[in-house]
Protein chains: 2
Amino acid sequence: MQKNRNNNSIIEICPIRNIVARLGTKWALLVIVILSEQEAIRFSEMCKLIPDISSKVLSETLKTLEADGLVTRKVYPTVPPKVEYSLTDIGHSLVPIIQELTEWALKNMEAIMNNREKFEKTGKHEDK
Amino acid sequence: MQKNRNNNSIIEICPIRNIVARLGTKWALLVIVILSEQEAIRFSEMCKLIPDISSKVLSETLKTLEADGLVTRKVYPTVPPKVEYSLTDIGHSLVPIIQELTEWALKNMEAIMNNREKFEKTGKHEDK
DNA sequence: CTGCATCCTTATGGATACTG
DNA sequence: CAGTATCCATAAGGATGCAG
C-alpha cells in the first residue's frame, strides 16, 4: 500500500487500474467466460472445468467477483449444500469486451510470441 | 510457474490469459495509454507523468511491453543519452479496447464500489 | 458439497544507491 | 539521462487438511 499519498496518485484515481487489478488475477477472466456460457454453474462443476485451480483459489476468485457485483452466488440450503454461481448484468456487460480482447490476443499472439523470442535471443533481456 | 503440465492445462493454452497477465501488471495499461497520447516520449518525461512509479519498475514495464512488440524503444546515441518510447502498430491496435474497458469501468464503477462496500459490511453477500 | 484454515513458495512492486 | 543493482515487503497463488 502507499503511505500518505491517498489523493494525488495517478494510479489511485485511475478507475481502470482498479478494475484491471481484479480482472488481471490469474483466473478471473476465465471464470467470467465460463460463467457467460451457462445460466448457472455449481462450485464443483467449475472445479472440474478448471482442473488446475484449487478450491481455495476458485472460491477466492468467485468471492472477489461477487464482491464487485459481477457474479451472483445462490445457496440452496440443502444437505449436502448446493451453491450456484451466475453472472450479473454488469458481469454480462463485460463479456463483449473480454471477447474483443480475446480476438485481439488471438490475432496478435503469433507476432507477440515471435517478438518475445527474438527479444530474448538478442540478450537484451536478462535470463537467469 | 507451472511444473510439467505444459499442454493439458486450460490456462496454458489460453491465449487471453497470457496477454492479460502482462497487461494486468500495475502500470502496463497506464503506460500504454500515456504512450497513445503522444508520438513519442522520453523516459524521464514518463517518470514525471507517473510520479508514483520508480525508474526500476517503469523500465521493467517498458521492457516487457517492448519484448511483446507493443512498444518501440529508440536510442539516440548522444551525451547525455536520450531514449524515446512509442507505440507500435500492435500497441496502437490495443488502445481502442483499453478505451472500451475504461468506459466500462467508468460506467460501472459506482455500482462496483457500492457493492464492495455493502459486501464487506455484511461480511457476506447482501440480503435482498 | 462447499470452501475455510494453514502453511509455504514465488512473483511483483518499491526504496535506495549507484554507474555509463 | 536512462537506466541497473540490491535489498526488502507484500500479495498472489498453491498444497493439504478439515469442518459445517
Side-chain angles (χ1 to χ4, degrees), chain A residues 1-5 9-12 17-18 20-31 40-67 71 73-85 123-128, chain B residues 1-5 9-12 17-18 20-31 40-67 71-85 123-125:
Chain A
M1 228 6 140
Q2 317 285 358
K3 2 220 116 148
N4 47 1
R5 43 166 74 133
S9 168
I10 188 173
I11 205 80
E12 297 299 334
R17 170 63 210 155
N18 194 302
V20 173
R22 305 271 180 136
L23 302 181
T25 60
K26 192 165 181 181
W27 306 96
L29 286 190
L30 181 58
V31 164
I41 184 171
R42 299 185 60 172
F43 187 86
S44 54
E45 288 302 311
M46 197 127 211
C47 257
K48 286 174 204 155
L49 285 177
I50 317 179
D52 292 334
I53 201 173
S54 70
S55 70
K56 177 207 159 203
V57 173
L58 177 56
S59 75
E60 278 174 358
T61 304
L62 286 166
K63 202 186 290 181
T64 306
L65 293 174
E66 190 198 354
V71 161
R73 180 171 178 270
K74 187 167 185 182
V75 183
Y76 297 85
T78 58
V79 177
K82 169 180 171 183
V83 181
E84 276 187 350
Y85 292 90
K124 299 184 137 198
H125 202 91
E126 99 290 357
D127 50 32
K128 33 177 307 190
Chain B
M1 244 353 140
Q2 315 287 358
K3 5 215 113 150
N4 49 358
R5 42 164 76 126
S9 167
I10 187 173
I11 205 79
E12 298 299 334
R17 170 64 210 155
N18 193 301
V20 174
R22 305 269 181 139
L23 302 180
T25 61
K26 191 165 181 179
W27 306 96
L29 286 191
L30 182 58
V31 164
I41 184 172
R42 300 183 60 171
F43 187 86
S44 55
E45 289 302 313
M46 197 125 209
C47 257
K48 285 174 205 154
L49 286 178
I50 317 178
D52 292 334
I53 201 173
S54 71
S55 69
K56 177 206 161 203
V57 173
L58 178 56
S59 75
E60 277 174 359
T61 303
L62 286 166
K63 204 185 290 181
T64 305
L65 293 175
E66 191 198 354
V71 161
T72 303
R73 180 171 177 271
K74 186 168 187 183
V75 183
Y76 297 84
T78 58
V79 178
K82 170 179 169 182
V83 180
E84 277 187 348
Y85 292 90
K124 283 287 184 169
H125 61 306

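Atom set for the values below is all heavy atoms of this structure, side chains included, hydrogens, waters and symmetry mates excluded. In this text, all values refer to a predicted model and were calculated from it rather than measured experimentally. Here is the naming used below: chain letters follow the sequence lines, and residue numbers restart at 1 for every chain.
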Between [X] and [N], is there a contact of a side-chain N or O with OP1 or OP2 at under 4.0 Å?
| X | N | value |
| --- | --- | --- |
| A:K26 | D:dG14 | yes |
| A:T25 | D:dA12 | no |
| B:R42 | D:dA2 | yes |
| B:R73 | D:dG3 | yes |
| B:Y85 | D:dG3 | yes |

Using atom [atom1] of [X] as one end and atom [atom2] of [N] as the other, report the distance to the nearest whole Å.
| X | N | atom1 | atom2 | value |
| --- | --- | --- | --- | --- |
| B:R17 | D:dG13 | CZ | C1' | 11 Å |
| B:L30 | C:dT12 | CG | P | 18 Å |
| A:L58 | D:dA15 | CG | C1' | 15 Å |
| B:I41 | D:dC1 | CD1 | P | 14 Å |
| B:I53 | C:dT12 | CD1 | P | 14 Å |
| A:M46 | C:dT2 | CE | P | 12 Å |
| B:L65 | D:dG3 | CG | P | 13 Å |
| B:L62 | C:dG13 | CG | C1' | 15 Å |

Looking at [options], which one has an atom nearest to any side-chain atom of [X]?
| X | options | result |
| --- | --- | --- |
| A:V83 | C:dC4, C:dT2, D:dC1 | C:dT2 |
| A:S55 | D:dA2, C:dT2, C:dC4 | C:dC4 |
| B:K56 | C:dA5, C:dT2, C:dG13 | C:dG13 |
| A:V57 | D:dG14, D:dG20, D:dA2 | D:dG14 |
| B:W27 | D:dT4, D:dA2, C:dG14 | C:dG14 |
| A:S44 | D:dA2, D:dG14, C:dT2 | C:dT2 |

Gap between atom NZ of A:K26 and atom CD1 of A:I53 - 0.5 Å precision: 9.0 Å
Nearest-0.5 Å distance that lies between atom CG in B:L30 and atom CD1 in B:I50: 4.5 Å
A:L62 side chain near A:V31 side chain, heavy-atom distance below 4.5 Å: yes
Pairwise side-chain contact, A:L29 with B:R17, heavy-atom cut-off 4.5 Å (strictly under): no
Pairing residues for B:K56 by the salt bridge (Lys or Arg N to Asp or Glu O under 4.0 Å) criterion, not counting sequence neighbours: B:E60
Under the salt bridge (Lys or Arg N to Asp or Glu O under 4.0 Å) test, residues paired with B:K74 that sit two or more places apart: none
DNA chain C: 5'-proximal contact among A:E60 and A:P80 (nearest heavy atom): A:P80
Sugar-phosphate, base or nothing in reach of A:S59, heavy atoms under 4.0 Å: sugar-phosphate
Stems where DNA chain C pairs, listed by first number, each of three or more Watson-Crick or G-U pairs under 3.5 Å: C:1-20 with D:1-20
B:K63/B:E66 ion pair, N-O < 4.0 Å: no
Passing candidate, side chain to side chain contact (heavy atoms under 4.5 Å, CB included) with A:V71, options A:T61, A:L65, A:T64: A:L65
